[in-house]
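Working notes, structure below.
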2 protein chains.
Amino acid sequence: MTVTIYDVAREAGVSMATVSRVVNNNPNVKPQTRKKVFEAIERLGYRPNAVARGLASKKTTTVGVVIPDISNMLFSEVARGIEDIANMYHYNIILCNADKRKEKEIKVINTLLEKQVDGLLFMGGSVTDEHVQAFRTSSVPIVLCATRDETNQYPYVDIDHQQAAFDAVNALVQDGHRDIAMISGNLQDTNNGYSRYMGYKEALEKNNMPFREEYVRIGNYRYDSGIESMKYFLELEQRPTAVFAANDEMAVGAIHAIQDSGLRVPEDISVISVDNSRIASMVRPQLTAIAQPMYDIGAVSMRLLTKLMKNEKIEDTRVVLPHELVKRHSTR
Amino acid sequence: MTVTIYDVAREAGVSMATVSRVVNNNPNVKPQTRKKVFEAIERLGYRPNAVARGLASKKTTTVGVVIPDISNMLFSEVARGIEDIANMYHYNIILCNADKRKEKEIKVINTLLEKQVDGLLFMGGSVTDEHVQAFRTSSVPIVLCATRDETNQYPYVDIDHQQAAFDAVNALVQDGHRDIAMISGNLQDTNNGYSRYMGYKEALEKNNMPFREEYVRIGNYRYDSGIESMKYFLELEQRPTAVFAANDEMAVGAIHAIQDSGLRVPEDISVISVDNSRIASMVRPQLTAIAQPMYDIGAVSMRLLTKLMKNEKIEDTRVVLPHELVKRHSTR
DNA sequence: CTGTTAGCGCCTTCAT
DNA sequence: ATGAAGGCGCTAACAG
């Protein structure tokens with residue numbers, strides 16, 4: 001039924017070892033023999049079985065990727081970076097959504113390891129002890145992507161979220177704003193939501209500005225929660241003159257809430273965010289934002305993983321990628 | 001080094017077959033024995049090797065997915081649908097980007113098949129003879145997702161693109177528009193770009209309206225090309241009163257080009273599109289669009305594939321999902 | 001209910 | 001440059 005390496009060997013009149021060598025580009029084969037084998041392969045329509053190969057060689061040329069949500073623009077951009085580099089090094093990707101739910105994350109880590117992936121890339125909200133526990137049982141290298149574990153024992157590629165938030169708020173302060181509100185993400189995301197919130201607080205503090213409870217709303221990173229949060233701010237006695245949103249989508253929501261109320265951006269209220277996804281230039285006014293290099297985070301972490309998998313020397317396994325302010329028209 | 005089923009068997013004082021049964025939930029094991037085995041597994045930290053299992057059982061519980069671009073919102077939405085259902089049926093996904101480039105598509109189809117996936121989901125621009133050629137060599141089922149082959153010999157899940165375009169343009173006609181332009185996608189995409197273009201022409205024809213060369217621009221599905229195309233239309237002697245864009249992003253670009261020129265949507269020019277991705281409600285005015293059920297296309301095609309993989313009876317292997325008009329505020 | 005015995009398709013020394 | 005032989009870790013009859 002299925003044609004194996006034996007069949008090819010017989011057809012070509014050589015041993016299976018020789019066929020194996022040909023298939024694996026081993027130089028120790030006479031060109032003439034090689035040709036015979038290739039012809040036999042062609043004739044029989046032989047296709048090597050990667051599973052058998054994986055069992056025998058203990059390598060699958062596959063890496064596992066744990067991702068919170070593939071349909072989220074940011075993550076899919078990271079995924080694209082991962083894919084491109086993986087491709088370049090001839091690795092395939094097994095992608096698993098885990099919805100930022102811890103138990104599901106642990107579960108997929110285990111199935112990925114069962115599948116004998118050669119390495120693992122983990123993307124998620126936060127890395128807890130349980131995660132580390134699961135990582136420990138792995139005999140293959142693991143790289144954290146756009147996140148980190150508390151004690152920094154695992155290699156990671158990330159940006160400095162707190163600094164990014166700080167820079168965003170600071171830019172607002174530079175523009176003369178004193179009443180700056182924040183639409184935050186989930187504070188349980190230690191590495192992300194919380195860091196940006198801390199960056200906001202830090203910026204206020206450094207500039208001797210008071211922190212006000214009512215100037216912070218917790219959103220869910222979605223457009224609608226940007227609108228809701230902004231509506232709340234607009235009804236405040238002393239409404240803010242500027243808003244810092246933890247991501248683009250909520251910022252766009254905020255802009256529209258402002259415009260819907262008859263006010264203008266940035267004349268009446270400025271809006272800034274962190275992310276700079278493609279949507280940032282797809283609003284009017286175009287969004288001023290701190291740019292996170294998502295594609296690069298994916299690409300660099302995959303590159304790091306390839307080095308780890310090949311036991312290459314690594315200068316640094318903790319890499320923090322730079323962010324930058326992209327000034328557009330939603331601030332003044 | 002690695003602990004195998006043998007080690008567990010020895011530790012538990014049973015045979016490897018029994019361990020295998022326990023691991024695979026075979027009911028034919030005395031509860032007491034089962035308990036012993038589980039304890040041994042726990043003690044040794046045994047993790048089943050899916051590769052070995054795949055070789056022995058000839059099943060990998062993995063399906064391959066070929067996708068044009070994971071960072072594209074539409075496709076990642078489809079991917080999410082695929083993932084969710086795959087998950088539900090305990091399959092894992094190997095995702096491969098192929099950039100709509102034929103040779104790359106053929107290549108990943110082959111590597112996926114080498115990896116012994118239990119089934120294949122193909123998403124791409126168009127399905128040529130070469131694709132069919134590659135499909136033929138597969139011994140596992142294949143489902144086309146959001147596309148079809150010319151002769152409809154392979155199962156597919158898709159929408160009726162031509163009808164969708166027709167309905168969009170027709171809605172414009174109903175609103176009293178006579179001068180309707182189109183921002184099209186690539187006409188080489190037989191199943192998609194071309195079909196929508198044909199739907200546009202068909203709608204004009206049925207309504208006895210002339211087709212005009214200068215009312216069609218070919219974009220690349222991106223925001224910027226929406227802007228460029230619209231600018232072109234705005235400079236026409238007789239500028240259109242309505243525009244049909246082949247996807248949301250170009251439609252948003254068109255809206256902004258119109259607004260930037262000082263005109264209003266929909267008062268001066270109406271805009272309609274096909275897709276209804278999340279971005280459609282993230283513009284002002286919100287976009288009227290024909291909704292494509294992307295998530296469902298993914299989910300349904302994966303469901304179809306699971307049936308095929310299990311040799312279940314199938315009523316119909318060619319499914320066309322319904323689309324619908326979502327009226328918002330960019331048309332009048 | 002449990003154990004024995006063949007493979008699954010390929011890689012990899014070790015000889016020749 | 002080529003061949004022979006022993007696994008890789010597990011499943012799946014087949015016995016008992």
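Lettering of chains follows the sequences in order, A, B, ..., and the numbering in each one begins at 1.
- A straight line from CD of Gln116(A) to C1' of dC8(D) spans 10 Å, rounded to a whole angstrom.
- For Asn28(A) and Arg21(A), the side-chain atoms include no donor-acceptor pair closer than 3.5 Å.
- For the residue pair Lys58(B) and Thr2(A), no side-chain donor N or O sits within less than 3.5 Å of a side-chain acceptor on the partner.
- The distance from atom CG of Asn26(A) to atom P of dT2(D) is 10 Å, rounded to the nearest whole Å.
- By the side chain to side chain donor-acceptor pair (under 3.5 Å) test, Lys104(A) pairs with Asp99(A), sequence neighbours left out.
- The two atoms that bring Val78(B) and Met294(B) nearest to each other are CG2-CE, 3.3 Å, heavy atoms only.
- Atom CD1 of Ile5(B) and atom C1' of dC8(C) are 15 Å apart (whole Å).
- At a threshold of 4.0 angstrom between heavy atoms, the contacts of Thr4(B) are confined to the sugar-phosphate backbone, with no base atom among them.
- Here the P atom of nucleotide dG9(D) and the CD atom of Glu114(A) are 15 Å apart, to the nearest Å.
- Position along DNA chain C of the nearest nucleotide to Gly13(B) versus Ser20(A) favours Gly13(B) as the more 5'-ward residue.
- Listed pair Ser15(A) / dA4(D) fails the phosphate criterion, with no side-chain N or O lying under 4.0 Å from OP1 or OP2.
- A sub-4.0 Å separation between OP1 or OP2 of dT2(C) and a side-chain N or O of Thr18(B) is absent.
- Aromatic pair Phe122(A)/Phe135(A): ring centres closer than 6.0 Å.
- Atom OH of residue Tyr295(B) and atom OG of residue Ser71(A) lie 9.0 Å apart, to the nearest 0.5 angstrom.
- Side-chain contact check for Thr128(A) and Glu130(A): no donor-acceptor pair (N or O, by modelled atom type) lies under 3.5 Å.
- Here dC10(D) is the nucleotide among dG3(C), dC10(C), dC10(D) with the atom lying nearest to any side-chain atom of Met16(B).
- Proximity of residues 49-60 of chain A to DNA chain D (heavy atom under 4.0 angstrom from any strand atom) is restricted to Leu55(A), Ala56(A), Lys58(A).
- Donor-acceptor pairing under 3.5 Å, judged by distance alone, is present between the side chain of Arg21(B) and the base of dG3(C).
- One finds no side-chain N or O of Tyr6(B) lying less than 4.0 angstrom from the OP1 or OP2 phosphate oxygen of dC8(D).
- Among the atoms of the strands shown, only primed sugar atoms or phosphate atoms (P, OP1, OP2) are found under 4.0 Å from some heavy atom of Val14(A).
- Atom pair Lys115(A):NZ and dC8(D):P shows a separation of 22 Å (rounding to whole Å applied).
- Contact check of residues 28-42 of chain A against DNA chain D (heavy atom, cut-off under 4.0 Å) returns Asn28(A), Val29(A), Lys30(A), Thr33(A).
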